[in-house]
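Keep in mind the model is a prediction, meaning the values are calculated, not measured.
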Amino acid sequence: MRRTLAAAALVTASVVVLAGCGSGGDEPAADADFTTEPEGAVSAWGFENADDVGQARIDYAAEQLSGVEVDLDATAFDAQKFTTRIASGDVPDVVQMDRRYVTTYAAQGLIMPLDQCFEAQDVSPRDHWYPAVVDDVTYDDAVWAVPQFYQPPAILLNKAVLDEAGVTAEQIDPSQPDVLLEAIGKMYQESNGVPTRLGFDPVATGQSGLWILATGGQLNDEEGAPTLDDPSNVAGIELLKEITDAQGGFAAVKSFTDSFDAFGDNNQYVAGQVGAQVNNQWYPNVLSPYVDQVELAAVPFRNSDGEPFTVASGTAFVVPAGAANPAAACAWMIALTSDDAWMAAGEARAETREADGGINTGLFTGSPQPDQAIRDQWVVESGNAGFDQVIATYYDVVADGESFGSSPAGQEIQDELNNAVTAALLGDKSAEDALADAQQAAMRAYEKATAG
């Protein structure tokens, strides 16, 4: 799954890339004035591989801020490099990073709170973005980043495999484990104990947070302290173990999924290697060239109450403490994530799809208004009813998202949760012991991040 996630930036329609030479500066965050006229140089870092969507937004922001000159350095964000740059005084004005890092840097005083930025630009975060997206970057009663993108996970079905096994889409329902396990058993195939077809790939480590939260667990408390050893987290891991044990065990499942040609002509849907798989919204873009070779459908992931459930993830813009030009940085970030910027991006994507003959799956911006407007104007019927139903399913679930939680140890919590899931699914530890060990490691990271 690491390979899948790493490659996502290259195939999804919704990755912007910018990066910048540091402008330096020693102005403390508390003294930042976001109300001054946006003008002068802005250095931006952490955005790479600007595609049609990204370039359209950059061009739109440039038109709106004629007095601002943006210096983009197209290198990827690196957590170690970020702290080193701040410590050395080589401070960019804007940095893009995964939202899981934002609260870590907020707790360490390395980025500025942006409530005054939003006020200066007349933006109400909880009106402009989905609440779960804002929750990702909220800490200590402040919002610390300008978020972008939200590509929800759902369950992508291989209808040919389901039909062959006599399984219906309604049976692929995590809220009904017995029904789901029966369906998995009908679809699963192996050769000499080695899987040749999975009934359901839960993407156990890549989507571990989804499974934990959907089954009633929590990753951190309201203050951001990790809660990995909460008893409510056991259910999600135990369900994952049942699913993988029914298909040869986690080691066999992981080895098999690692062999998938996920971005190639012989991907797991074309090859009939899965009946169902948890996938984020960007993955149908990968499958669109093969629409004539597969029969696709989708169903929402459902929580333990049987309700559609998904989680929010994506990137965000931050202003580092000591940025030389916070006012222009603020105006530029808001321009990039405005409704009009996203509409420009939607038009650019529509033109790209018209030119290459691909299917327009829409843009999932992190903001409900442009999401719907882009869908209404440019997401047209593809001529393939199954693929259109897949697109509609992702649009249907996006409003049901929940934040993973905002914590100064956000990335470490995710890493340690994956370690716990791996140990428990392999049978090396009980779920309780694996989560207890993970909690200790995550708490050390939390205490370090909040040590002042």
Side-chain angles (χ1 to χ4, degrees), residues 8-20 38 41-77 92-99 114 117-118 121-123 125 128-130 133-134 137 145-151 281-282 285 313-319 325 327-355 360-379 398:
L10 300 179
V11 297
T12 180
S14 29
V15 176
V16 187
V17 183
L18 312 159
V42 168
S43 61
W45 170 54
F47 304 75
E48 53 180 339
N49 301 327
D51 61 2
D52 52 350
V53 169
Q55 193 59 53
R57 294 164 60 208
I58 292 169
D59 292 344
Y60 172 82
E63 292 173 0
Q64 305 307 305
L65 302 170
S66 58
V68 175
E69 181 180 351
V70 181
D71 184 9
L72 304 180
D73 173 10
T75 56
F77 172 78
D93 295 301
V94 178
V95 179
Q96 177 182 254
M97 61 181 63
D98 189 281
R99 294 202 287 267
L114 297 182
C117 163
F118 295 125
Q121 295 294 321
D122 196 27
V123 171
H128 184 61
W129 290 283
Y130 294 99
V133 171
V134 181
V137 294
V146 173
Q148 60 171 359
F149 300 121
Y150 165 18
Q151 291 155 328
Q281 180 274 333
W282 55 262
N285 289 288
S313 61
T315 57
F317 303 130
V318 302
V319 179
N325 197 350
C330 167
W332 187 62
M333 296 186 300
I334 297 300
L336 284 172
T337 56
S338 66
D339 289 1
D340 287 341
W342 283 117
M343 292 305 287
E347 183 175 7
R349 176 45 48 91
E351 292 173 354
T352 300
R353 291 287 82 92
E354 183 177 358
N360 193 334
T361 63
L363 297 178
F364 284 63
T365 68
S367 302
Q369 290 84 3
D371 276 2
Q372 188 60 49
I374 290 169
R375 183 186 188 185
D376 290 343
Q377 188 162 349
W378 290 298
V379 181
V398 70

Query raised in the report: Side-chain contact, heavy-atom cut-off 4.5 Å: L72 with I58?
Result: yes
Query - Closest non-hydrogen atom pair, M343 against A373 - result: SD-CB, 3.6 Å
Report summary line: Applying side-chain hydrogen bond (donor to acceptor under 3.5 Å, both in side chains) to Y150 and not counting sequence neighbours gives none
Report task. Take E69 and V42, measure what side-chain contact (heavy atoms from CB on, under 4.5 Å) needs, and give me the verdict at the end. Result -> CA-CA 6 Å; E69 181 180 351; V42 168; over 6 Å; no
**Report entry** Distance in Å, T315 OG1 paired with R99 CZ, rounded so as to fall on 0.5 Å steps
**Finding:** 6.5 Å
Query - Shortest non-hydrogen contact between L65 and A335, atoms and distance - result: CD1-CB, 4.3 Å
Query - T365 and D371: side chain donor to acceptor below 3.5 Å - result: yes
Report task. State which residues pass side-chain contact (heavy atoms from CB on, under 4.5 Å) with D339; sequence neighbours excluded, sorted by chain then number. Result -> H128, Q369, P370
Query - Residues forming a ring pair (Phe, Tyr, Trp, His ring centres under 6.0 Å) with F77, sequence neighbours excluded - result: W45, F82, Y101
Query raised in the report: When you measure from the side chain of D93 to the backbone N and O of N325, does any donor-acceptor pair fall under 3.5 Å?
Result: yes
Query raised in the report: Does the side chain of M333 come within less than 4.5 Å of V94's, by heavy atoms?
Result: yes
**Report entry** Shortest non-hydrogen contact between A328 and V68, atoms and distance
**Finding:** CB-CG2, 4.0 Å
Requested in this report: Nearest 0.5 Å please: distance from the CG atom of L363 over to the CH2 atom of W342.
Outcome: 6.5 Å
Report summary line: Residues passing the side-chain hydrogen bond (donor to acceptor under 3.5 Å, both in side chains) test with Q372, sequence neighbours excluded, are D376
Requested in this report: State, to 0.1 Å, how close V137 and A316 come at their nearest heavy-atom pair, and which atoms those are.
Outcome: CG1-CB, 4.4 Å
Report task. Would you indicate whether the side-chain heavy atoms of F118 and I334 approach each other to under 4.5 Å? Result -> yes
Query raised in the report: If you look at every heavy atom in A145 and L114, which pair is closest and at what distance?
Result: CA-CD1, 3.6 Å
Requested in this report: Output all residues satisfying side-chain contact (heavy atoms from CB on, under 4.5 Å) with A341, sequence neighbours left out; order by chain, then residue number.
Outcome: R57, Y60, S338
Query - is_close_aromatic(W129, F149), centroid dist under 6.0 Å - result: no
**Report entry** side-chain contact (heavy atoms from CB on, under 4.5 Å) partners of E347, counting only residues at least two apart
**Finding:** E351, W378
Requested in this report: Kindly compute the distance separating CD (Q151) from CH2 (W282), expressed to the nearest 0.5 Å.
Outcome: 8.5 Å
